[in-house]
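Contents: one structure, followed by commentary.
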Amino acid sequence: WWDRLSGPACPDAEFRQAFRMSRATFDALCDELSAAVAKEDTALRAAIPVHQRVAVCLWRLATGEPLREVSRRFGLGISTCHNIVLQVCAALTAVLLPKAVRWPLESPAARFQALSGFPGVVGSVYTDHIPIGPPKDNVAEYYNRRLTERNNKASYSVAVQAVVDADGAFTDVCIGLPGSLSDAAVLERSALHARCETGMLGDDQCRLVGGASYPLTDWMLVPYAHQNLTWAQHAFNERIAAARAAAQGAFQRLKGRWRCLQRRTEPKLPDLHNMIGACCVLHNFCERSGEELDADFQSELSQQDDADVVAAANPVLSAAADKERDRIAHDLLHGGHPSVTFL
């Protein structure tokens with residue numbers, strides 16, 4: 001199977017379906033990882049080539065297939081495949097994460113304004129959860145009430161929070177906080193929160209956008225969560241939704257390409273963090289290389305219930321931010337934008 005896929009006669013479409021990227025992008029990825037994952041030949045055996053090592057990891061992440069099946073496909077031992085996946089994920093996180101997931105050098109505000117009409121938006125924040133088995137320590141912290149209610153059995157998760165640019169690439173990620181935390185609590189514990197509080201965004205006119213599960217702050221705009229919205233508030237919420245669509249689409253493609261994130265995983269938490277980080281790196285590698293995702297692989301996100309959002313009623317952490325949101329809503333309504341509709 002691997003000999004056929006790795007051979008020159010394999011159609012690129014079949015290769016892309018197997019590894020979620022074209023052969024050219026795959027070769028570029030192998031070049032980036034070569035120094036970190038290459039092994040030396042020994043007197044007893046030849047080292048497994050870099051391309052095969054990377055392919056083992058990509059197949060495992062793309063399909064979530066059991067290791068015994070991965071072993072059979074690649075003609076390698078089960079423990080060998082397990083070690084390769086751990087090593088390549090660690091290399092992706094250590095070598096490429098700092099380069100692939102980074103704050104943009106040029107402001108993405110113009111792209112977000114073209115998408116939503118919002119001036120000064122530099123990123124969209126979204127939090128999703130990755131299902132896991134019950135951890136050995138602090139199991140209550142990882143208990144996820146929403147997943148438990150949906151699955152009708154005790155469910156556990158870790159949170160993944162990301163800032164996404166207008167093109168769907170991650171510019172900041174926070175991985176591995178316990179699944180019992182709300183989106184607002186994950187944000188507060190993340191390094192992103194500390195950096196934004198100390199002025200990382202720079203200009204006072206630069207902001208992030210988030211959903212109703214986040215607090216309204218001086219540096220984050222969130223939708224109005226109460227009932228009976230005014231015209232201006234309705235228009236504002238539609239713009240927020242348009243800006244957040246980039247982040248929602250990015251998470252759909254992330255979990256669609258790398259289906260291991262949709263299945264309950266059992267690895268130790270440090271290994272799990274590396275696996276999720278590797279998927280985030282690979283997501284950006286594919287997005288920036290122009291790799292399209294087949295519609296069959298698109299993932300449906302588990303959205304929060306509207307009732308939960310309204311009941312939570314995002315807190316206003318700054319009176320000045322509340323006034324500024326009202327001003328922006330007023331200006332957007334009277335400035336007009338083709339994406340705003342009134343029902």
Side-chain angles (χ1 to χ4, degrees), residues 103 107-127 159 161-166 171-172 174 181-248 303-337 339-343:
W103 204 253
S107 174
R111 289 279 294 118
F112 270 110
Q113 187 162 3
L115 284 176
S116 66
F118 266 121
V121 172
V122 295
S124 178
V125 183
Y126 195 91
T127 301
Q161 172 191 279
V163 180
V164 181
D165 66 20
T171 58
D172 182 272
C174 175
L181 297 177
S182 66
D183 291 355
V186 171
L187 175 66
E188 187 175 0
R189 292 195 189 188
S190 68
L192 173 71
H193 183 273
R195 294 199 300 271
C196 289
E197 286 288 309
T198 55
M200 176 193 74
L201 299 182
D203 192 334
D204 290 341
Q205 300 303 310
C206 291
R207 297 179 178 86
L208 302 173
V209 295
S213 55
Y214 296 102
L216 175 67
T217 69
D218 294 329
W219 42 268
M220 179 181 285
L221 292 171
V222 299
Y224 293 95
H226 57 264
Q227 302 286 355
N228 303 319
L229 301 178
T230 66
W231 289 114
Q233 291 166 347
H234 173 79
F236 179 92
N237 281 6
E238 285 211 344
R239 303 289 183 89
I240 286 279
R244 294 189 69 231
Q248 293 168 328
Q303 301 288 354
Q304 289 180 326
D305 293 334
D306 290 340
D308 287 344
V309 170
V310 173
N314 47 24
V316 175
L317 300 185
S318 166
D322 197 24
K323 291 182 179 179
E324 180 66 7
R325 178 171 67 172
D326 289 341
R327 183 195 67 77
I328 293 172
H330 178 272
D331 290 349
L332 287 173
L333 176 65
H334 293 282
H337 191 270
S339 68
V340 178
T341 59
F342 299 98
L343 303 178

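Source: prediction; values computed, not measured.
What you find for Ala159 and Val186 is that their closest heavy atoms are CB-CG2, 3.9 Å. Minimum interatomic distance between Ala212 and Ala225 (heavy atoms only, all atoms of both residues): CB-CB, 4.4 Å. Between Gly117 and Leu332, the shortest heavy-atom contact is O-CD2, 3.7 Å. Looking at every heavy atom in both residues, Asp218 comes nearest to Ala321 through OD1-CB, 3.6 Å.
Looking at heavy atoms from C-beta onward, Val122 lies out of side-chain contact with Phe112 at the 4.5 angstrom threshold. When side chains are defined from C-beta on, Cys196 counts as touching Leu208, because their heavy atoms get closer than 4.5 Å. Phe236 places none of its side-chain heavy atoms less than 4.5 Å from the side chain of Leu229. Side-chain contact check for Ile328 versus Arg207: some heavy-atom pair is nearer than 4.5 Å.
Between Asp322 and Arg325 there is a salt bridge, since at least one side-chain N of the basic residue sits less than 4.0 Å from a carboxylate O of the acidic one.
Separation of atoms CZ (Arg239) and NE2 (His234) is listed at 11.0 Å; rounding is to 0.5 Å.
The environment of Glu324 atom CD is dense: over 12 non-hydrogen atoms of other residues, nucleotides or ligands sit within 6.0 angstrom.
No option in Val222, Leu187, Asp183 other than Leu187 meets the side chain to side chain contact (heavy atoms under 4.5 Å, CB included) test with Pro215. A side-chain hydrogen bond (donor to acceptor under 3.5 Å, both in side chains) with Tyr224 holds for exactly one of Asp326, Asn237, Thr230; it is Asp326.
In this structure, the side chain to side chain contact (heavy atoms under 4.5 Å, CB included) partners of Val209, at least two apart in sequence or on a different chain, are Val121, Ser124, Leu221, Ile240, Ala243, Arg244.
Side-chain N or O atoms of Ser116 include none that pairs as donor or acceptor with a backbone N or O of Gln113 at under 3.5 Å.
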Audit row: Tyr214, Tyr126, ring pair (Phe, Tyr, Trp, His ring centres under 6.0 Å) steps and yes/no:
CA-CA 9 Å; Tyr214 296 102; Tyr126 195 91; 8.2 Å; no
